[in-house]
Amino acid sequence: CVWVACLRRSAGLLALAMAALTCAFMTKALTAYVFYGGTVLVLLMDRQHRAFLLGPASWVAHLAGAALPIAWLYFLPENTGQGGRMLAEIVAKMAPASFFDYAVKLVTYPVDTLFRLAPLAPVAIYHWWRRRDAVDNERAHLHTLAAIALINYLPYWLAPQSSMRYLLPLYPLAAIAIARLLWTRGAEAEARRWVI
């Protein structure tokens, strides 16, 4: 929502992004803000998106979006301490069990991710490498998509303790990027065979 809101300069879609973010927080935890923050960070790199994201409509939407979870956590007696517990869980995942375990995780996490996105991710990487000069009229969108996926992947890869299940929100982004790479490299038939 926030990306399309920037493309269309739509305050309504930005409000919808804040509503979706609040719902994600209510159904899961603070991690929804990690994904949103990473996405906004990537979008701020584009001058046109930056102008929209730093504009008055965005400030209003983001302040309202920030107020809702604060109100939920601190003004409802049933939720007292919930924010602190969520934050403590996140901080606990930043402590490595051992240096060796952390080093192993740094090496195996990307391999495990690639395995979970197989068979099409390796096929897409192969075709991207083989046809690096392929023309893609929507390359800027693919770069933005890949940057959003990568920046949101990094905290889970670099955290000493994390699980692949935390990456589920990134799977659709990866699927779109993989499909785009295969499409622009003319590898649809081969991809279809791999899927079958």
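Each of Leu167, Leu170, Thr113 was evaluated against Tyr156; a single residue qualifies, Leu167, per the side-chain contact (heavy atoms from CB on, under 4.5 Å) test.
Expressed to the nearest 0.5 Å, how far CE of Met164 lies from CZ of Phe115 amounts to 11.0 Å. Summarising the geometry, atom CG belonging to Leu14 is positioned 12.0 Å from atom CH2 belonging to Trp59; distances are rounded to the nearest 0.5 Å. Between Tyr33 atom OH and Leu21 atom CG the span is 4.5 Å, to the nearest 0.5 Å. In this structure, the separation between CE on Met18 and CG on Leu63 is 10.0 Å, given to the nearest 0.5 Å.
Under the 4.5 Å side-chain heavy-atom criterion for ILVMFWY residues, no single connected hydrophobic cluster contains both Tyr102 and Val107. Under a hydrophobic clustering in which Ile, Leu, Val, Met, Phe, Trp and Tyr are joined whenever their side-chain heavy atoms come within less than 4.5 Å, directly or via other members, Leu154 and Tyr109 fall into the same cluster. Val4 and Val40 end up in different hydrophobic clusters when Ile, Leu, Val, Met, Phe, Trp and Tyr side chains are linked at under 4.5 Å. No continuous path of ILVMFWY side-chain contacts below 4.5 Å connects Trp194 to Leu114, so the two sit in separate hydrophobic clusters. Side-chain heavy atoms closer than 4.5 Å link hydrophobic residues (I, L, V, M, F, W, Y) into clusters, and following such links, possibly through other members, connects Ile151 to Val34.
Here the closest heavy-atom approach between residue Pro110 and residue Leu106 is recorded as CD-O, 3.3 Å. Between Lys105 and Ser162, the closest heavy-atom pair is NZ-OG, 3.0 Å. Between Phe35 and Tyr166, the shortest heavy-atom contact is CZ-O, 3.3 Å.
Using a distance-only test at 3.5 Å, with no hydrogens or angles considered, no donor-acceptor pair links the side chain of Tyr171 to the main chain of Leu117.
Under the rule for a salt bridge (Lys or Arg N to Asp or Glu O under 4.0 Å), the partners of Asp112 that lie at least two apart in sequence or sit in another chain are Arg116. Listed by chain and residue number, Tyr36 satisfy the ring pair (Phe, Tyr, Trp, His ring centres under 6.0 Å) test with His62 (two or more places apart in sequence, or in another chain).
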Give the table of side-chain donor-acceptor pairs shorter than 3.5 Å for residues 173-185, with sequence neighbours excluded, one pair per line with atom names and distance.
residue: Arg180; atom: NE; partner: Asp136; partner atom: OD1; Å: 3.3
residue: Arg180; atom: NE; partner: Asp136; partner atom: OD2; Å: 3.4
residue: Arg180; atom: NH2; partner: Asp136; partner atom: OD1; Å: 2.6
residue: Thr184; atom: OG1; partner: Arg180; partner atom: O; Å: 3.0
residue: Thr184; atom: OG1; partner: Leu181; partner atom: O; Å: 3.3
residue: Arg185; atom: NE; partner: Arg131; partner atom: O; Å: 3.2

Scan the side chains in residues 41-57 for donor-acceptor partners under 3.5 Å anywhere in the protein, sequence neighbours excluded, and list what turns up.
residue: Asp46; atom: OD1; partner: Gln48; partner atom: N; Å: 2.8
residue: Asp46; atom: OD1; partner: His49; partner atom: N; Å: 3.3
residue: Arg50; atom: NE; partner: Leu44; partner atom: O; Å: 2.8
residue: Arg50; atom: NH2; partner: Leu44; partner atom: O; Å: 3.4
residue: Arg50; atom: NH2; partner: Met45; partner atom: O; Å: 3.3

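Atom CH2 of Trp3 is surrounded by more than 12 heavy atoms from other residues, nucleotides or ligands within 6.0 Å.
Sorted by first and then second residue, the side-chain hydrogen bond (donor to acceptor under 3.5 Å, both in side chains) pairs with a member in residues 4-18 form an empty list; sequence neighbours excluded.
Clustering of Ile, Leu, Val, Met, Phe, Trp and Tyr side chains at separations under 4.5 Å places Phe100 together with Val104.
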